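Reviewing the structure listed below.
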Amino acid sequence: CGMLLASKVWQDLSSWNIEFARICPQYSNKNINKMERYVLKLLKWDLYISGSVYAKYYFALRSLSESKNFRQRYNYMMKVNVNKKLETRSAQASTNLYSKSM
């Protein structure tokens, strides 16, 4: 939640909470919003973070996501069934495409 808030402060085009919820499906958008409000209250809305500190953690996290099999290991650890979600999304896309073609 801290990095999400920091990105909103430092980046012109930061991620929205709904985008984060799609990347990390174990967190609903509603829960991310709640966590964000809670953290903001704890910080008393003081969101200052230096550019060097932000860059340090941004690039550290980015390198993690680029490491071999990171996403697969993360999904396994969080018990996210990616194949089932992919099947569901694929079926929905097929249905939408079929209904538009008629």
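Keep in mind it's a predicted model, so treat the numbers as computed, not measured.
By the side-chain hydrogen bond (donor to acceptor under 3.5 Å, both in side chains) test, N29 pairs with no residue at all, sequence neighbours left out.
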Identify all side-chain donor-acceptor contacts of residues 17-25 below 3.5 Å with residues at least two apart in sequence or on another chain.
unit_1: N17; atom_1: OD1; unit_2: K8; atom_2: NZ; d: 2.8
unit_1: N17; atom_1: ND2; unit_2: N33; atom_2: OD1; d: 2.7
unit_1: N17; atom_1: ND2; unit_2: E36; atom_2: OE1; d: 3.2
unit_1: E19; atom_1: OE1; unit_2: W16; atom_2: N; d: 2.8

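In the hydrophobic clustering of ILVMFWY residues, with side-chain heavy atoms under 4.5 Å counting as a link, Y58 and V53 come out together. In the hydrophobic cluster analysis, where Ile, Leu, Val, Met, Phe, Trp and Tyr join through side-chain heavy atoms closer than 4.5 angstrom, M35 is grouped apart from L42.
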| said: With side chain to side chain contact (heavy atoms under 4.5 Å, CB included) as the criterion, how do W45 and L43 come out once you've worked through the C-alpha distance, each side chain's angles and the decisive distance to 0.1 Å? | reply: CA-CA 5 Å; W45 292 84; L43 294 173; over 6 Å; no
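Rounded to the nearest 0.5 angstrom, Y54 OH and F59 CZ are separated by 8.5 Å.
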